[in-house]
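Note that the structure is a prediction, hence the values are computed from the model and not measured. Values below: all heavy atoms of this structure, side chains included; hydrogens, waters and symmetry mates excluded. In the text below, chain A, chain B and the rest are named by the order of the sequence lines, each starting its count at 1.
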Amino acid sequence: MPSHIRYGDFLREATLQEHEVSYNLLTPVPQRDASGNDLPCQAPPVALRGKDISRLLGPYVGTRLVYQLRAVLPLGLYLAIFQILVLRQPVMDAAIVILGMMAVILGLMLFMEGLRLGLMPFAEAIGDQLPRRLGLAAVLFVAFTLGVGVTFAEPAIGALQTVGALVAPERAPYLFALLNLWTTPLVLVVGGGVGLAAVAGTMRLLYSWSLKPFLYLSLLPTLALTLYCANDPHLSTVIGLAWDCGGVTTGPVTVPLVLALGIGIAASAGKGDTSLSGFGIVTLASIFPVTGVLLLGLILKLSYSQAEVMALIAANAQVSAASPASWFETTPWLEIRGGLQAILPLVLFLFMLLKGVLRHGLKDRGIVLYGLLLCQLGMIVFNLGLSYGLAKLGGQSGELLPSAFTALDGLAGTPLYPYVTGLAIALAFAFLLGFGATLAEPALNALGLTVEDLTNGAFRKSFLMYAVSTGVALGVGIGVFKVVAGVPLFWLLIPAYGAALLLTLVSDEEFVNIAWDSAGVTTGPVTVPLVLAMGVGLGGAVKANEGFGILALASIGPILTVLLSGLWVRYMSRKAELQEQVSQAEASS
Amino acid sequence: MSQTRELTVLTDVALITCIVQRGNADVIVKAAQEAGAQGATIHFGRGMGVRERLGVLGVAVNVEKEIISIVVSLEQADRVFKRMYLAGNLDTPGMGIMFMKRLEKVATYIPHDILKKLEKRG
C-alpha cells in the first residue's frame, strides 16, 4: 500500500475509470482479394445495448417534446384556469380535452421532425435541381403546383374544416355552404392563391423587385372586392372567412416548404444571397387566398340564389341524416382520412417530380422515408388532437366568455359581472391570449433573430417580439369586441389595411418586408385553431352571424405595430446621428 | 518614437478538440470554463459515419456538428478533458468524439500585470 496518493489520481479513479485502449485494435485490418487489390472497408453496424438506445433516444425525443410543450402547455393552462377561476365553469370533458392536447403536442412533435427529415430535403433537392433541368415557365408552374399541394397539407386548414361545422346554416347560408358543401373548391382556391404567391415570390427573388408594388397591386383590388361584398347582405358573412384564410395558409408547412423552393430556385440563378431573400413570399401567400375566397363566394352567389343554397344544405343534411355515416366519416376515421389526404398526395407529387422529371435520387433514402412516415403519423395524431383538444377547448372558452357580461341560456347566475366589467374582462382575456400565444410561437423567435442580424442590432429581437405580440393581442382583443358588438368586419379591416398601406409608403424596404411577413409567420398551428374555434364559439353564444375575422385582425395588428416601431427605430437612430453631428461640430469649434 | 514589440510565447499547452452535434457545444464549453479553460472557439461542420452504422437509430444523430477548440495548459488539460467528456455525454453512441494534442507553442495577448508578476517570480 502506498502511503501517498496524488489527489488527482484519486479523483481520476473515483470519477472516471480511465482505461487506455490502442486504436489499432479497433480499426479494421485491410482485406485483399485474390489478385492482391485492397477491398473497400465496410464498417459493421454498431451493436447497441438497451441502455445505449435509451440514452441515445432520450435527449432526441426529450428536446423535441419540450419544444412543443412550451408552445402548447401554457396556452392550454391559461384557458383552463381562466375558465375555472373567472368564468366559474369546469372544463367539460376534461379527460378528453387533456388527451386531445397531448395528441396535439405529440402530433406536432412528430410532424415537425418529419418535416425536417422528410419533406424539407425533398423541397430543397427540387428547388436546387429544377432550374437546371427546366425553363422558367416550367419552374414557375411547379412552384404553383407545389403551393396548391402544400396548402392541402397545412394542419391549420384542417382547423378551418373542423370549425366550419360549428357555423349555423340559417344565419349565414353562403358561409355554411362554403365550409361544408364546397370544402374542396374552398381549399383549392386558397391553394391557388398560395401557388400564385409562390410564383410571384419566386419572380420577385429572381428579378429583385421591391415588395411595395406587389402589396399595392394585390391589396387594393382585394380591399375593393371586400367593400363590394360588404354591401351584399349574404356575401358579407364570407368576408371574415376570406380574410381568416390568409392567416391560416401561412402555417408551419407552407412557410418552410415554399421558402425552401423559392430560395433554392433563386440560389441556382445566383440571386439568393441578398439578406432579405425569402421574405415576401409569405406575405403574398396570405393576401392572394383572400381574393380567391372572396371571388369564390361571389361565384357561388351568382350561380345559386339563397333559396337554392338553403335547399342544397337541407338536402345534404337529409342525406347525411338518412344514411348512417359510413365508417370513414365518423371520428376517429375522419381525422385519419384527413391526415392521409393532406400528406400522401403532396409526397407522391414531389416524388414523381423528382424521379420522373428531374431523374434525381435522394440522399439517405431510409431517413427521408422515416421522415415522411413521421410526417404522416404526426398529421393524423395532430388532426385527432385538433378535434378533441384545441377546437373543443377554444370553442368552450368562446361559448362561455360572454357569460362574463351577458345572460346565457342554461347558465345560472349569468351575467357573472356587471356589463362593463365583464366586457373588460373578456377583452383582457382575449388580449392576453393573443399576447401569450404569439410570444410562445417558436417561429417568432427565429424571425426576431433574423431581424436583429439584418438591422445590425438596431431592431432588438425582444423589441420585435413584443411589437408583434402586442399587435396580435390588440388584433384578437378588437376581434372579440367585433364579434360581441357585431361590428361589420370591413369597417375595421379597410381602415387598418389602409393605414398599413400608408405606413408602407413611408417605410424602408427592409421593414416593409419584415412587418408584412411577421403576421404570416406568427399565426402558427396552435394559435390558429384555438382562435378560430374561440371566435366561432363566441359568435354562436352572442348570436352573431359568424365568428370569423378575429384571425384576420390578429394578422393586420402586428403589421401595423412592426411598421410603426420600424419608423420609430429609424427616427431614433436619425436623432442620435444628428446629436452626434451637433456634438462633433461643437467639439471642433 | 518607435516601440519594441515583444512576443511572449506560451509553452506547456495542449489543444482539446471536441466534435459534437449542433446545439450541444454550449453546455460543454461551460463545463470546460468551469474547469478552468479560458475560452473556446466553435465552428460548424458536417460529419458522417456513425449515423449510417447506427441503422434506424441514426435518425437521432444530427449530421450537423459543432467543433469546439479549446487551448488549455498541460496542468489543467486532463481535468478539462474529463469534464468536457462528462458534460457532453460522450459515452453515448453518436454523441461525438474528442481528442487532445500537445501544442509546440502558443502566442496571444497576455495581460500586462500577469507578465510582470511572472517576471518577478522568474
TODO: Heavy atoms only: give me the nearest Leu56(A)-Pro93(B) pair and the separation to one decimal.
DONE: CD1-O, 2.9 Å
TODO: Please say whether more than 12 non-hydrogen atoms of neighbouring residues, nucleotides or ligands are located less than 6.0 Å from CD in Glu64(B).
DONE: yes
- [ ] Measure the CG-CZ distance between Asn62(B) and Arg116(A) for me, rounded to the nearest 0.5 Å.
- [x] 5.5 Å
Task: Point-to-point distance, once rounded to the nearest 0.5 Å, from CG of Asp52(A) to CG of Asp91(B) - done: 8.5 Å
Task: Residue Arg55(A) excluded, over 12 heavy atoms near CZ under 6.0 Å - done: yes
Open item on the list: Please check if the number of heavy atoms outside Leu73(A) that lie under 6.0 Å from its CG is greater than 12.
Closed with: yes
